[in-house]
Amino acid sequence: QLKLVESGGGLVQPGGSLRLSCVASGDGDSLDNYGVAWFRQAPGKEREWIACISGTGNSVEHIDSVKDRFTLSRDNAGNAVWMQMNKLEPEDTGVYYCAADSGGAILCAYGYSNMDYWGSGTPVTVSS
């Protein structure tokens, strides 16, 4: 059982930035060879897929609304995945979840949500 923990959320003004982290926190846990996706659930809405990165880091996908603002990266040791979020908008408000896919080592699939492990989320509020 892989335990994922997100962090880095908070309150930010429109136009600001946040960097979310997703780490495998259990003893011996690692994100190595897992594809990782980020999901967002806005207030009153269903959870939506927004971006993913493969285990190698060479395959990255985003929804159009974040493509030029959010950047995914991961460390080679397989310990963490980050999502740098710039030019944040009120519409980006929500709880952000990371999730791991054992089948995503080489490629991550746009919109794929049948993930193996989920974190508990970190809230992001974009408001002036």
Side-chain angles (χ1 to χ4, degrees):
Q1 189 80 8
L2 190 65
K3 182 177 179 181
L4 302 180
V5 178
E6 305 93 336
S7 63
L11 173 64
V12 64
Q13 292 187 343
S17 297
L18 287 172
R19 189 189 195 210
L20 303 187
S21 299
C22 175
V23 299
S25 66
D27 289 342
D29 282 355
S30 171
L31 287 170
D32 196 25
N33 292 320
Y34 283 90
V36 173
W38 288 92
F39 296 77
R40 173 173 69 198
Q41 187 163 21
K45 295 188 177 180
E46 293 187 356
R47 187 163 57 190
E48 66 170 333
W49 180 96
I50 58 172
C52 67
I53 185 167
S54 65
T56 62
N58 294 326
S59 172
V60 179
E61 298 283 350
H62 305 79
I63 57 174
D64 286 345
S65 64
V66 308
K67 199 169 188 176
D68 297 325
R69 301 184 295 121
F70 293 8
T71 303
L72 270 64
S73 59
R74 61 188 304 155
D75 73 341
N76 292 333
N79 295 323
V81 170
W82 299 280
M83 183 162 69
Q84 178 67 41
M85 307 189 298
N86 298 328
K87 300 179 183 179
L88 283 162
E89 304 168 353
E91 292 75 19
D92 295 316
T93 293
V95 178
Y96 284 70
Y97 300 87
C98 69
D101 171 26
S102 61
I106 306 300
L107 291 174
C108 73
Y110 183 98
Y112 182 76
S113 61
N114 190 22
M115 311 301 281
D116 296 300
Y117 302 103
W118 291 83
S120 58
T122 185
V124 171
T125 302
V126 184
S127 174
S128 55

Heavy-atom side-chain contact between [X] and [Y] under 4.5 Å:
X: V95; Y: T122; result: no
X: S120; Y: E6; result: yes
X: Y112; Y: E61; result: no
X: L11; Y: S127; result: yes

What distance separates [X] [atom1] from [Y] [atom2], expressed to the nearest 0.5 Å?
X: S21; Y: L4; atom1: OG; atom2: CG; answer: 12.5 Å
X: T125; Y: L88; atom1: OG1; atom2: CG; answer: 11.0 Å
X: Q41; Y: T93; atom1: CD; atom2: OG1; answer: 13.5 Å
X: N33; Y: D101; atom1: CG; atom2: CG; answer: 11.5 Å
X: W38; Y: W82; atom1: CH2; atom2: CH2; answer: 11.0 Å
X: L31; Y: C98; atom1: CG; atom2: SG; answer: 7.0 Å

Is the backbone N or O of [Y] less than 3.5 Å from a side-chain atom of [X], with the two atoms forming a donor-acceptor pair by type?
X: S59; Y: C108; value: yes
X: H62; Y: I50; value: no
X: D75; Y: A80; value: yes

All side-chain hydrogen bond (donor to acceptor under 3.5 Å, both in side chains) counterparts of [X], not counting sequence neighbours:
X: S102; answer: D116
X: Q84; answer: N86
X: E48; answer: R40

**Request:** Walk me through it: do D68 and K87 pass the test salt bridge (charged side-chain N to carboxylate O under 4.0 Å, His left out)?
**Result:** CA-CA 9 Å; D68 297 325; K87 300 179 183 179; over 6 Å; no
What heavy-atom pair brings [X] and [Y] nearest, and what distance separates the two atoms?
X: S128; Y: P14; result: N-CD, 3.7 Å
X: D32; Y: R74; result: N-NH2, 4.3 Å
X: W118; Y: S113; result: CZ2-O, 3.7 Å
X: G94; Y: P43; result: CA-CD, 4.4 Å

**Message:** side chain to side chain contact (heavy atoms under 4.5 Å, CB included) for M85 and M83? Distances and angles first, verdict last.
**Reply:** CA-CA 6 Å; M85 307 189 298; M83 183 162 69; 3.8 Å; yes
**Prompt:** Which word best sums up how the rings of Y34 and Y117 line up, parallel for under 30°, tilted for 30 to 60°, or perpendicular for over 60°?
**Reply:**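 If you compare the ring of Y34 with that of Y117, the planes turn out perpendicular.
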**Request:** Answer with yes or no whether the side chains of T56 and S54 bring together a donor and an acceptor at under 3.5 Å.
**Result:**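 Yes, because at least one side-chain N or O of S54 sits under 3.5 Å from a partner of the opposite role on T56.
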If Ile, Leu, Val, Met, Phe, Trp and Tyr residues are connected whenever their side-chain heavy atoms lie under 4.5 Å apart, and connections chain through other members, are [X] and [Y] in the same group?
X: V23; Y: Y97; answer: no
X: I63; Y: V36; answer: yes
X: L72; Y: V5; answer: no

**Message:** Using the rule given for side chain to side chain contact (heavy atoms under 4.5 Å, CB included), can you reason through L18 versus V124, listing the C-alpha separation, both sets of side-chain angles and the distance that settles it, and then say yes or no?
**Reply:** CA-CA 9 Å; L18 287 172; V124 171; 3.8 Å; yes
**Request:** Could you tell me whether Y110 and W49 have their ring centroids closer than 6.0 angstrom?
**Result:**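 Yes; W49 has its ring centre under 6.0 Å from that of Y110.
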